[in-house]
Structure formats: structure tokens, C-alpha cells
Amino acid sequence: MKPTFSIIAPIFNEFESLPELRRRVSEVMDGLGEPWELLLIDDGSTDGSTERIRELAAQDERIRPIIFARNFGHQIAVTAGLDYSRGDAVVIIDADLQDPPELIAEMVARWREGYEVVYAVRAEREGESAFKLWTASLFYRIIYRITDVKIPMDTGDFRLMDRKVVNVMNSMREKARFLRGMSAWVGFRQVGVPYKRAARFAGSTKYPFRKMLKLAITAITGFSHLPLQIATWIGFVAAGISLIFIPIVIIERLIGKQAFFGQATTLVAVLFLGGVQLICLGILGEYIGRIYDEVKGRPLYIVREAPEKEQE
Ligand code: UDP
Ligand code: MG
């Protein structure tokens, strides 16, 4: 039977959280009184999570496992969940229980009011380092200012999406994926619900600074051309300054003044412009690399085991 609700949880080494996740999600979803499914996507875990997912699925047919051939990353794991989901409303939730499953009931209530995307806004965060809080906050603000879509601030991937939205998202096969941006980009009626982000139930973060930075660059390049335009701006400024100084230097020379001294001035100017040019080349390279990834047309993920995909 086709479920009304699909819950998607990406899992990368969350061995200890899994039973608790299952328990809390079941409790909330049973309370709603409609059929549901829980999609557990194993993103190349190495700590026994895979076996645990299989066990849970064997005990409860509402739990559907998708096992990846290797680690593809959080955003891709969620994408697979969206691809395999069958519900009329789909909820993305972190497996570490930082997103309280109890909030799903509230999200469903907003969905029934007619909202097609209900995103959870982190009003408070617990158990995270000052560095993580600061970088996250900076990240959301930069993205908000420079991208063309207004991606709500302080929201993660914890959200409920209507089937209509999920179908649109599933048709967007871009390789570099920033799901919260994509889900804002599609439009529809969207609303936020505030919540308190808890500390991890167990284990440690699977998002070290390196991965956070990668996600930030994906978000910026995926939703803005601003970095590409920086070169143009710097070019205009540099050319403008030169236009002012060329006549000054010529005149000062003609009237016999020694306006500039030695090689140091030249060297500084050359090094500065050389640096700026290399940075601009790097930005270009970032976009070109992404074009290359798209052109190769490789699949987004490879599954080792997965349920039959629903044919519409
Ligand atoms: N995750 C994943 N693949 C990865 C990294 C993380 O599937 O390569 C999952 C992880 O198991 C968790 C969710 O994505 O369910 C969020 O990760 P995490 O809690 O480590 O991020 P944080 O909350 O610290 O930002
Ligand atoms: Mg977490």
C-alpha cells in the first residue's frame, strides 16, 4: 500500500542512534494514524550501521533500506531517499536525532493547511561548538545575501515537502546538490516552524570543516554568478585607477618631478595584480570543474541494495 508519509534519514556511521531513531519516528508517525514508511539510506557506513539497518528492515516492513556502494555524501543520500520515496508528504530528518521527530506532527499540521514546503528553523542549538555555530550563522547570511533565491536563514534540511515539490526536485539532476536551496528555488507555498536543535544522540559530527566548506561553495556556485562577476568589478576598478594615474605620472615627468621611485612600486603592483588574476582564475576553475562534472553525466549514486522503484 502506498504510504501517506515518507521519512528520509541519511546514515553515515550512526550505529548507536538507529534504534532510538526508529523508536521515536514510529511513535510520532503511529500517532498520526496514517500509513508511513521510513527510508534509511546507508551512505557507506563502516561501523555496522548497514547490518543494523537490515535488521530493522527485517523486523518492520515499513522500514525500507537503501544501501550505497560507498560514501556519496549527505546531500546525495537524501536525494536517493527522495527518489525512492512514495508518500504524499516527504520529511527529511537527520539520523542523529538532532532534529526532533516530534516536530513532524506540527509540520504535518501545516501541510494539511495547504503549505507545500514546511521547513524547520533552528531557533536554538544545543551541544555544538562556538566555532560551528559561528561558521553556520555566517554561512546562512552570506548565502542569503549573494544568491538569487531567498533561502531561509538558519534552516537545515529538516523539512516536509509535498509530493508536487518532491517530483520537481527529482527532475533536477544536477550533480552539485544543495537541497535546501533547490527546495526554496522551486517556489510553492512555504512556511517555517521554529524548533530547538538538540545535541547529537550519540557519536560525533560527520560534517567536519572541510565538508562544511565544500557545501558552502556548492551553495554559492549553484545559486549565484556573483563570484564570476568579481573579476569584472576588480578590472573596472584597476582600469579606473590607472586612468587617473597615467596623466598624473606623465605630467609630473614633463615638469621634471620624480614621481615614482625604483622597482618596489612596480613589484608591488605586479604582485598584487598577479594575485588577483590567479584568484579570478581559481574562481573560473571552480565553475568549469562543476561544468565538467555535469557533462560527464555519471549517476548521482550507486546502490548496492535498494527496494523496487515505484513506477508511476
Ligand atoms: N551523513 C551522511 N553522509 C555523510 C555525512 C553525514 O549520510 O557523508 C548523515 C549523518 O549520518 C546524519 C546527517 O547526515 O544523519 C547529518 O550529519 P551530521 O549530524 O554529522 O551533521 P551536523 O548535524 O553535525 O551538521
Ligand atoms: Mg547532526
Side-chain angles (χ1 to χ4, degrees), residues 7-25 38-53 56 63-85 90-101 103-104 119-140 143 153-159 175-180 195-219 300-304 306:
I7 315 295
I8 296 173
I11 287 143
F12 180 51
N13 296 342
E14 306 285 1
F15 182 76
E16 283 154 274
S17 305
L18 275 170
E20 184 67 6
L21 175 75
R22 201 268 309 245
R23 193 188 65 75
R24 279 174 66 183
V25 167
L38 172 62
L39 289 144
L40 297 177
I41 302 98
D42 174 35
D43 187 14
S45 299
T46 50
D47 69 339
S49 295
T50 316
E51 289 67 37
R52 196 157 251 190
I53 291 172
L56 292 176
I63 297 179
R64 302 168 74 214
I66 298 166
I67 318 269
F68 276 3
R70 63 167 168 85
N71 178 261
F72 280 90
H74 170 226
Q75 298 286 303
I76 301 294
V78 173
T79 302
L82 293 175
D83 287 342
Y84 283 91
S85 70
V90 179
V91 177
I92 302 169
I93 194 167
D94 278 359
D96 60 0
L97 292 162
Q98 283 199 283
D99 305 331
L103 197 74
I104 297 175
Y119 51 85
V121 185
R122 301 162 174 177
E124 263 181 74
R125 299 176 77 151
E126 238 176 33
E128 279 170 312
S129 68
F131 179 72
K132 174 116 186 178
L133 294 186
W134 184 76
T135 45
S137 163
L138 185 72
F139 166 68
Y140 291 123
I143 304 287
M153 283 194 242
D154 300 316
T155 60
D157 290 313
F158 188 25
R159 60 187 60 227
K175 301 286 177 300
R177 301 176 83 77
F178 182 59
L179 293 168
R180 45 202 106 149
Y195 80 112
K196 186 169 157 200
R197 189 158 162 88
R200 264 183 162 268
F201 177 74
S204 58
T205 179
K206 308 299 178 307
Y207 256 97
F209 184 68
R210 180 177 49 82
K211 279 195 197 170
M212 276 168 56
L213 193 66
K214 201 173 149 211
L215 186 68
I217 295 173
T218 298
L300 284 176
Y301 53 85
I302 301 162
V303 292
R304 187 200 299 278

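As the structure lists them, so they are numbered: ligands from 1, and atoms in each ligand from 1. Model, not experiment: these values are computed from the prediction.
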Visitor: Please say which of Q98, E16, E14 ends up in a side chain to side chain donor-acceptor pair (under 3.5 Å) with R200.
Guide: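 Exactly one option meets the side chain to side chain donor-acceptor pair (under 3.5 Å) with R200, and it is E14.
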Visitor: I want to check something: taking the side chain as every heavy atom from C-beta on, are H74 and D157 in contact at a cut-off of under 4.5 Å?
Guide: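 Heavy-atom side-chain distance check passes, below 4.5 Å.
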Visitor: Please could you name the atoms of ligand 1 that K211 approaches to less than 4.0 Å, counting only its heavy atoms?
Guide: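 Every atom of ligand 1 under 4.0 Å from some heavy atom of K211: 4 (C), 5 (C), 8 (O).
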Visitor: State the atoms of ligand 1, each with its element, that fall below the 4.0 Å cut-off from a heavy-atom position in A95.
Guide: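 In order of number, 15 (O).
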Visitor: Considering only heavy atoms of E14, which atoms of ligand 1 have at least one such atom less than 4.0 Å away?
Guide: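 Near E14, meaning under 4.0 Å from one of its heavy atoms, ligand 1 has 10 (C), 11 (O), 12 (C), 15 (O).
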Visitor: State whether the side chain of R177 and the backbone N or O of L300 hold a donor-acceptor pair below 3.5 Å, judged by distance alone.
Guide: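 Pair absent, no side-chain N/O of R177 close to backbone of L300.
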Visitor: For ligand 1, which atoms have a heavy atom of K206 less than 4.0 angstrom away?
Guide: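 Those of ligand 1 that fall under 4.0 Å from K206 are 5 (C), 6 (C), 18 (P), 20 (O).
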Visitor: Ignoring angles and geometry beyond distance, decide whether F12 reaches within less than 3.5 Å of ligand 1 through its nitrogen or oxygen atoms.
Guide: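 Min N/O separation from ligand 1 is below 3.5 Å for F12.
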Visitor: In the shown structure, where waters are left out, how many protein N, O or S atoms lie under 2.8 Å from the Mg ion (ligand 2)?
Guide: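 Counting protein N, O and S atoms closer than 2.8 Å to the Mg ion (ligand 2) gives 2.
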Visitor: Using distance alone, determine whether S204 and ligand 1 share an N or O pair under 3.5 Å.
Guide: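 No, there is no polar N/O contact under 3.5 Å.
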Visitor: Find all atoms of ligand 1 within a distance of less than 4.0 Å from any non-hydrogen atom belonging to K132, and give their numbers and elements.
Guide: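 Atoms satisfying the 4.0 Å criterion: 22 (P), 24 (O), 25 (O).
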Visitor: What part of N71 sits under 4.0 Å from ligand 1 if we count only heavy atoms: the side chain, the backbone, both or neither?
Guide: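 The side chain, only.
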Visitor: For K175, which residues count as a salt bridge (Lys or Arg N to Asp or Glu O under 4.0 Å) partner, sequence neighbours excluded?
Guide: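 Result, salt bridge (Lys or Arg N to Asp or Glu O under 4.0 Å) vs K175: none returned.
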Visitor: Numbering the atoms of ligand 1 from 1, which are under 4.0 Å from a heavy atom of T205?
Guide: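 In order of numbering, the contacting atoms are 20 (O), 21 (O), 22 (P), 24 (O).
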Visitor: Give the numbers and elements of all ligand 1 atoms closer than 4.0 Å to a heavy atom of I11.
Guide: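 It comes down to these atoms of ligand 1: 7 (O), 11 (O).
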Visitor: Are T205 and K132 side-chain neighbours, meaning at least one heavy-atom pair lies under 4.5 Å?
Guide: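 Yes; the side chains approach each other to less than 4.5 Å.
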Visitor: For residues Q75 and P10, determine if any side-chain heavy atom of one lies less than 4.5 Å from a side-chain heavy atom of the other.
Guide: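 Not touching, per the 4.5 Å side-chain cut-off.
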Visitor: Are more than 12 heavy atoms from other residues, nucleotides or ligands located less than 6.0 Å from atom NZ of K214?
Guide: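 For K214, atom NZ is not crowded (no more than 12 foreign heavy atoms under 6.0 Å).
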Visitor: Would you please say whether a donor-acceptor pair under 3.5 Å links the side chains of D99 and Y195?
Guide: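 On atom types as modelled, these side chains qualify, holding a pair under 3.5 Å.
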Visitor: How does D43 reach ligand 1, if at all, at less than 4.0 Å between non-hydrogen atoms: by side chain, backbone, both, or neither?
Guide: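 Only the side chain of D43 comes within reach of ligand 1.
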